[in-house]
Structures are given as structure tokens and as C-alpha cells.
Enquirer: 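Got a structure here, written out as C-alpha cells. Questions coming.
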Amino acid sequence: MNVEHNTISLGEFEFDCGETIPDLEITYEAYGEFDGGNAVLVCHALTGSAHVAGRDRVDSADQARAWWDDIVGPGKAIDTTEYYVVCANVPGSCYGSTGPKSENPETGEPYGTDFPPVTVTDWTEAQRALLDELGIPHLHAVVGGSVGGMNVLEWAKRHPDHVDRIVPIAAAARLDTQCLSLDAIARRAITTDPNWKQGHYYGEDDEPPSDGLALARQLGHVMYLSKASMERRFGRRAAGRDAVRTFPTDAAGAFFPYRDVESYLDYNAEKFTERFDANSYLYLTRAMDNYDLAAGFESDADALAAFDGDALVMSFTADWHFTTQQAEALADSLRTADANVAHHVIDSDHGHDAFLVEPDNVGPPLADFLAAGVDGKAVTDSVVEDSQESDFAPVHNSLFSR
Ligand SMILES: CC(=O)SCCNC(=O)CCNC(=O)[C@H](O)C(C)(C)COP(=O)(O)OP(=O)(O)OC[C@H]1O[C@@H](n2cnc3c(N)ncnc32)[C@H](O)[C@@H]1OP(=O)(O)O
Ligand SMILES: N[C@@H](CCO)C(=O)O
């Protein structure tokens, strides 16, 4: 597979908030050959990077594991022998593009929390500027999951004439109140870690706020799974002898079991703190929480009115981060906006991260949609009834009630 891994300077960049930085650098990866009409932009999720494909490639300074390698590559759903695929790390992240841990050229020190607040709009405009640099005026499609799906919607809203097909996956027009509150608690875990130091913890003698970041990620990780999948995988069983224990326990912990699910969350949180920057976590969750498709318009449908291409909204039945009902509301707004829309609902008990781990379910409709739009063979259109009492919503009042 022909892969380009590069960091490009976009010069002075004015953020949505009005603040500027002297130089915004964007790290991107590009796969395949551009033929003038085959560009597909992939937008990564909260903690993803530009390294979307090529799992065996170790030259990337980003995530060791390409996060969508099952979907992007030669002969895969986003076929790099057919499409020129570009994925860029978003501003504010920590995988090569300029963010809080980058050096502020005016001070010679890392920005820390002097970095401007970023929004999904900033990500979209930075991608637009990157594509201009790469000589790509028009996109065949923009595809993305989770907050990457919000990034997709922002493309349809801000650059409706620059894209033919959009695929927001496991996404919605905005986050609901329960998710907003859990994100707020997660940020609190970071900002109350004594090592956080108002975001200026990059000095040689400093330690990063890893405990806070680990707790924030554990909350996030639970949000990406479902009640059913957690029950099935871990139940109530105690962890085995090879359990991973990274947090000190309380006195009663010697009497009560350390559970398998705790070991799972501890292990994954520990791994996460090795790969992600706490300030970036604050900035990117803020961007996600702040996103509102309708901002500046009367409604979601108004915001999408200028987009007249094809849209594939994909959702997962056990996703409570972005529910199928929210996805259906989004599809409905696209219908009102006169786009050609299909809402493809995937029956899965994995939860929100199903979009990352179920290539057999995600791949066929995605491939067929890229080829033939909403008429693609594996694309289905389901109407999801609006229901307050859904049978898959996993938390509601039970998470904190005992
Ligand atoms: C663009 C992006 O989204 S990039 C970010 C990717 N997403 C995330 O990181 C979200 C949180 N992570 C996850 O949900 C998962 O790790 C995924 C989605 C990335 C992968 O899911 P799966 O393939 O189902 O992996 P699974 O959840 O089984 O295992 C994850 C790790 O926990 C380990 N693990 C499993 N059970 C236990 C346990 N009881 N105790 C300790 N560790 C455990 C696994 O060995 C695995 O370790 P490894 O990553 O070193 O191989
Ligand atoms: N688990 C993914 C998706 C979260 O929205 C991530 O960490 O990026």
C-alpha cells in the first residue's frame, strides 16, 4: 500500500474562538493514488490519530496500532486501490498536530493550557486548509465515527459543495446531558490531580497527571461499552492471578474481590496514559461536548440544507453514547434537508466502540455506499421509533444508585 506520513505547516491559524497561533502543523497520512475525483477524508474519533491503516507499519510515531486497519486498505471497505484516503490528526490532539504539548514558538515552552480552545469547526477548517495544500478541492466522501462523525457533519454544514457523500457513524448532532455530565466528571478527575498544575506539567522535573487521566479514561471506556457486553465479558467474577492492578486499594479491598472488570479497566487506563496527553483529553472532550450541529441556524435541517449529496448514517443498537434514536433524528434532519439518506442500524451489543471492532458489520454497507450511494446493495434504511424507554440504554439511574 502506498502510504504517505507527513507533517505540514499551515502557517498562522485563527481558531473559532478568535485566538490565533503563529503556526498550525497538521500530521496526516494518505493512502493510495489521487486521480482527481477519488479522495476520501477519514475523521478520527476522540483519541485517534492520522495512523488509520497499516497495522504492521512501525514507523509511525502515533498509536502503535492503526485504529481502522480492518476497514481501510487494499481490498477493504475503504479500498485504497480505488480511493485516495487522507486522515489528519486534529488540532489540539497529541499525535503530531499542534496541541497543548507542542512548543509555543513565542515562548519556546509547551503551550499547555495557553493553547486556544479548539472546536470541531477548527478541525474542519484545518482539514480544508490541509486538502488545499495537497491539491484536493473536492472530496468523494467524508467518513468518521463518534466525534469524528460530528466532524463529518461539520463538513456537510460548512463545505456542502466540496463533498458528495457523507458517512457519520455512531454519531449525533450533539451530545446528550448524561454524556455531558460524565465528560465533565472525567475532566474534573484530571484537573484535580495535583500533578496537573493548571496544565503546565511538561517541565523536566514534572510528572504528568496520570492518575487523573486514567480515571477520566476509565469513565470514558465504560461509556464506550454496553451493559450487556460488560456482563457477558466480565460478569461479577474476581480477577485471576494474572490480574492487572494499577491503583492502590482501600483497606477493605483485601477482604472483597478485585474484579475482572476492574483489572480490564486498570490495564487499559494504564496503557492509555502512556499514549495520550491529559491536556489534549481536556481540549478534545470540550470540543465534542460543545458541538451543536444547529449552532448558527434555526435547526439541524437548516444547518444541512445546502448539502444535497448522499448520506449514510450508521448506528449501533447498544450504543448509549450516541443512540440509534439520536442517529434517526439526524437522518430525519438530512431527509428534511432533501439529501438522499439511509439510516443503517447495526444490531450489536458491543456499545459505542462497535464501529471500531465490528468490521464485518460496518464494512459492507460502507463499501457499497462509497460505490453507489444510498442505492448500494448492503445499505439498508431503518426507521427507529423515538422511545424514552429503550431496552438497550445501559446506565440511566443504575450506574450511580448503589
Ligand atoms: C480512533 C480511535 O478510536 S483510537 C482509540 C481506540 N479506542 C479505545 O482505545 C477505546 C477503549 N478501548 C477499547 O474499547 C478496546 O481496547 C478497543 C475498542 C480498542 C479494542 O477492543 P477489543 O479488540 O475488543 O479489545 P479488548 O477490549 O478485548 O482488549 C483490550 C485490552 O484489554 C486486555 N484485557 C482484556 N481483558 C482483561 C482483563 N480482565 N484484565 C486486564 N486486561 C484485559 C486485552 O488483553 C487487551 O490488551 P492489549 O490491548 O494489550 O492487546
Ligand atoms: N474509543 C474511541 C471513540 C470514543 O469516542 C476513542 O477513544 O477515540
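Read the numbers this way: they start at 1 and go in the same order the structure lists the ligands and their atoms.
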Enquirer: Between the side chains of D381 and R335, is the shortest nitrogen-to-carboxylate-oxygen separation below 4.0 Å, so that they form an ion pair?
Expert: yes
Enquirer: Does Y267 reach ligand 1 with a nitrogen or oxygen that is under 3.5 Å from one of the ligand's nitrogen or oxygen atoms?
Expert: yes
Enquirer: For the residue pair R174 and Y291, would you count it as a cation-pi contact if the rule is NZ or CZ under 6.0 angstrom from the ring centre and within 45 degrees of the ring axis?
Expert: no
Enquirer: Can you confirm whether the side chains of D347 and T317 place a donor and an acceptor under 3.5 Å from each other?
Expert: yes
Enquirer: When T98 is tested against each of T27, I26, L24 for side chain to side chain contact (heavy atoms under 4.5 Å, CB included), which residue passes?
Expert: L24
Enquirer: I'd like to check which ligand 2 atoms, numbered from 1 as shown, lie under 4.0 Å from a non-hydrogen atom of Y224.
Expert: 1 (N), 4 (C), 5 (O)
Enquirer: For ligand 1, is there an atom lying under 4.0 Å from some heavy atom of R275?
Expert: yes
Enquirer: Where on S146 is there a heavy atom closer than 4.0 Å to ligand 2, on the side chain, on the backbone, on both, or on neither?
Expert: side chain
Enquirer: Suppose I only count heavy atoms of T47 and a 4.0 Å limit; which atoms of ligand 1 are within that range?
Expert: 5 (C)
Enquirer: Could you check whether E125 pairs with R158 (Lys NZ or Arg NE/NH1/NH2 to Asp/Glu carboxylate O, under 4.0 Å)?
Expert: yes
Enquirer: Do we see a donor-acceptor contact under 3.5 Å between the side chains of Q127 and W155?
Expert: yes
Enquirer: Between R237, H352, R233, flag the one that comes closest to atom 26 (P) of ligand 1 by a heavy atom.
Expert: R233
Enquirer: Any atoms of ligand 2 less than 4.0 Å from a non-hydrogen atom of L46? List them with their elements.
Expert: 8 (O)
Enquirer: Can you list the atoms of ligand 2 that are under 4.0 Å from a heavy atom of A45?
Expert: 3 (C), 8 (O)
Enquirer: Counting from 1, what ligand 1 atoms have a heavy atom of W67 closer than 4.0 Å?
Expert: 1 (C), 4 (S)
Enquirer: Report the part of R217 (side chain from C-beta onward, or backbone N, CA, C, O) that has a heavy atom under 4.0 Å from ligand 2; answer both or neither where that applies.
Expert: side chain
Enquirer: Is the shortest distance from a Lys or Arg side-chain nitrogen in D277 or K101 to a carboxylate oxygen in the other one below 4.0 Å?
Expert: no
Enquirer: Salt-bridge test for R128 and D132: reply yes if a basic N is under 4.0 Å from a carboxylate O, no otherwise.
Expert: yes
Enquirer: Salt bridge or not for E82 and K76, using N-O below 4.0 Å?
Expert: no
Enquirer: Run down the list H221, E262, H44, R217 and name the one with the heavy atom closest to atom 9 (O) of ligand 1.
Expert: R217
Enquirer: Yes or no: does D353 have any heavy atom under 4.0 Å from an atom of ligand 2?
Expert: yes
Enquirer: Looking at atom 8 (O) of ligand 2, what's its closest protein heavy atom, distance included?
Expert: T47 N, 2.9 Å
Enquirer: So, R236 and D260, do they make that salt bridge, N to O below 4.0 Å?
Expert: no
Enquirer: For ligand 2, does H352 get within less than 4.0 Å through its side chain, its backbone, both, or neither, judged by non-hydrogen atoms?
Expert: side chain
Enquirer: D353 to ligand 1: N or O pair under 3.5 Å?
Expert: yes
Enquirer: Answer with side chain, backbone, both or neither: which part of N268 has a heavy atom less than 4.0 angstrom from an atom of ligand 1?
Expert: side chain
